[in-house]
Amino acid sequence: MAEKTRITPQAENYPEWYQDVIREADLAEVAKVVKGCMVIKPHGYAIWERIQAELDRRFKATGHKNAYFPLLIPMSFIMKEAEHVEGFAPELAVVTHAGGKPLEKGEEYCIRPTSETIIGHFFGKWITSYRDLPLLINQWANVIRWELHTRMFLRTTEFLWQEGHTAHSTHDEALEEVLHILDIYGAFAQDWMAMPVVRGRKTDSEKFAGADASFCIEAMMRDGKALQAGTSHDLGQNFGKAFDVKFQTEAGGTDFVWQTSWGVSTRLVGGLIMTHSDDTGLILPPRLAPIQAVIVPIYRKDGEKAEVMAVAEKLKADVAAAGVSVELDAREGQRPGDKFYEWERKGVPIRIELGPRDIAEGSVMTRLRVAEGKEKMPLATLARDLPAALEGFQAALLERARRFREERSVQVDTWSDFLDVFKDGASRFVWAHWDGTRETEAAVKDETKVTIRCVPLPGEGPAPEPGKCIKTGRPSAQRVLFARAY
RNA sequence: CGGGGCGUGGCGCAGCCUGGUAGCGCGCCAGCUUUGGGAGCUGGACGUCGGAGGUUCAAAUCCUCUCGCCCCGACCA
């Protein structure tokens with residue numbers, strides 16, 4: 001029988017493949033009626049909810065508290081921090097009319113593109129003493145940035161995220177917070193998303209508008225491009241000064257607070273898709289899969305149906321009791337083959353087939369989402385063994401992703417080799433020397449569209465060794481990460 | 001904003017050149033037969049052909065304007 005090709009193969013057209021996977025897994029659709037926006041459908045939103053739940057747990061475990069600030073920000077606030085204005089002004093959506101009347105100049109609001117300014121304002125009201133510090137706040141919210149090019153999950157006009165905002169009495173403490181959060185992001189990406197990341201510092205030209213330094217985690221997608229999956233910023237005293245957030249120090253003087261901000265967004269869902277999925281559809285790591293296991297009952301006659309469904313219901317209850325999120329696909333009118341393909345497209349990690357033959361043998365046929373064949377497992381102990389099987393699958397996905405990345409990571413020492421790696425729009429992770437100047441970085445970008453993703457933190461990437469800049473030949477202390485990026 | 005493309009049942013498309021009263025596939029609904037890797041047959045529902053104006057006896061088709069979307073470039077989590 002002819003295989004239905006609902007999903008464009010990755011090798012044929014990667015962007016098409018990405019869109020197809022999202023459609024076939026029923027994660028989201030382009031809103032169309034609202035420019036650049038998307039509708040996150042239940043299966044996609046459920047993944048985001050699982051991401052939220054785990055990150056929220058980790059933030060709270062490290063002393064952060066959730067709060068909520070207004071969606072609308074006075075335009076005057078945005079104007080207060082020079083670099084911030086310059087960075088965000090072009091992509092603001094501004095409210096110019098309200099209550100049936102135009103707003104006066106100076107009364108306009110923008111819809112938040114990020115909340116440093118309005119949170120800075122309130123920090124100024126809340127903080128008076130070193131005893132009020134550190135102040136550790138997180139907000140789950142939506143933001144709007146008027147992007148020219150949008151792609152579902154990766155870059156949409158409106159997106160969901162969390163933004164952490166903290167204030168500290170010393171720069172050392174603020175920097176510690178910035179790096180601590182980066183570790184949380186890195187650990188989450190690796191342990192929950194099964195997505196290996198490189199932790200690093202952004203170059204000056206890539207850093208957040210208004211930050212002294214930006215740190216990031218960078219992941220490799222299956223086309224070799226890099227995805228910035230999370231950022232953590234050392235804001236210095238920039239916003240403290242702009243919003244007059246002063247405090248009395250223990251010694252009796254006054255100082256401006258040292259702030260940080262950090263965030264991850266629904267972009268993570270895009271990263272998840274592009275880290276694991278294949279030409280059959282979505283692949284989800286069990287820890288983030290809304291449905292971890294699906295039971296597909298198989299029967300011919302009504303008599304068989306009653307027996308199979310009874311056993312299936314019992315199995316479902318046992319599996320659920322073992323802590324596994326399980327669904328029994330009892331839909332009529334669809335043959336098992338249909339259901340198999342559907343759940344594969346949706347990325348369910350393990351499928352359990354249960355029919356009269358299995359019941360007679362006291363077993364079930366199982367199949368992991370990434371596997372050659374099926375495995376027979378005893379019915380009696382399945383519920384007990386399933387959690388371990390899922391953990392094994394989680395680990396296997398991480399290992400697979402890690403191997404994929406390593407195979408596409410190279411150290412490059414000459415400009416011609418560099419051009420060769422990135423020719424025809426290809427991308428890999430290239431570790432190469434850079435002279436540290438903005439000019440050289442810009443020259444590389446202009447010529448190749450390749451950017452420096454980050455300067456790796458200690459322990460990331462190749463061990464630091466001096467060398468010569470790939471473009472200018474000038475001295476360099478360590479290799480940095482180059483790649484095409486989303 | 002520059003270059004290219006496209007708007008026709010829910011989705012994907014044909015029809016347009018050469019005007020004649022809208023068709024195909026998938027999906028959907030009903031019934032029967034099926035059900036261990038994408039089922040078959042029969043019957044059925046669903047369209048102001050993106051919008052406005054014009055030419056004409058007659059416009060999905062020709063002309064003008066307009067709106068929207070997609071792809072490629074400059075901004076970005």
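In what follows, chains carry the letters A, B, and so on, assigned in the order in which the sequence lines appear, proteins first and then strands, with residues in each chain numbered from 1. What you see is a predicted model; the values in this text were computed from it and never measured. Scope of the values below: all heavy atoms of this structure, side chains included, with no hydrogens, waters or symmetry mates.
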Chi angles and distances behind the ring-ring contact (aromatic ring centres under 6.0 Å, His included) call for A/F59, A/W262: CA-CA 11 Å; A/F59 297 152; A/W262 28 274; 5.1 Å; yes
Distance under 6.0 Å and angle within 45° of ring axis: A/R400 vs A/F404: no
Watson-Crick or G-U stems of RNA chain B, 3 or more pairs, under 3.5 Å, by first number: B:1-7 with B:67-73, B:10-13 with B:23-26, B:28-33 with B:39-44, B:50-54 with B:62-66
Which residues share a ring-ring contact (aromatic ring centres under 6.0 Å, His included) with A/F482, sequence neighbours left out: A/F418
From A/E439 atom CD to A/S205 atom OG, the distance as rounded to the nearest 0.5 Å: 10.0 Å
Nearest-nucleotide comparison on RNA chain B, the residue closer to the 5′ end among A/Q19 and A/W161: A/Q19
What side-chain donor-acceptor pairs closer than 3.5 Å can you find for residues 207-225 of chain A, not counting sequence neighbours?
unit_1	atom_1	unit_2	atom_2	d
A/K207	NZ	A/A211	O	3.3
A/D212	OD1	A/N238	ND2	3.0
A/S214	OG	A/F208	N	2.9
A/S214	OG	A/H233	ND1	2.6
A/E218	OE1	A/R453	NE	3.3
A/E218	OE2	A/K202	NZ	2.7
A/R222	NH1	A/T275	O	3.2
A/D223	OD1	A/K225	N	3.1
A/D223	OD2	A/Y486	OH	2.5

Contact state string [nucleotides 29-36 of chain B, B base, S sugar-phosphate only, - no protein heavy atom under 4.0 Å]: -----BBB
A/F159 over B/A77, stacked by centroid distance under 5.5 Å, angle under 30°: yes
What protein N or O atoms touch nucleotides 5-10 of chain B N or O atoms at under 3.5 angstrom, if any, and at what distances?
none

Donor-acceptor pair between A/E116 and A/S261 side chains, under 3.5 angstrom: yes
A/Y109 atom OH, over 12 foreign heavy atoms within 6.0 Å: no
Of the listed nucleotides B/C75, B/A77, B/G37, the one nearest the side chain of A/T231: B/A77
Side chain of A/H149 - closest among B/G37, B/A77, B/A74: B/A74
Touch class at under 4.0 angstrom, heavy-atom based, for A/T280 against every strand present: nothing
Qualifying residues under side chain to side chain contact (heavy atoms under 4.5 Å, CB included), relative to A/N66, sequence neighbours excluded: A/D56, A/K60, A/N138, A/W140
Nearest-nucleotide 5' precedence on RNA chain B, A/V30 against A/L154: A/V30
Criterion side chain to side chain contact (heavy atoms under 4.5 Å, CB included) on A/I51 and A/L288, from CA distance to verdict: CA-CA 7 Å; A/I51 291 173; A/L288 289 176; 3.9 Å; yes
Base B/G37 paired with A/E344 side chain (donor-acceptor, <3.5 Å): yes
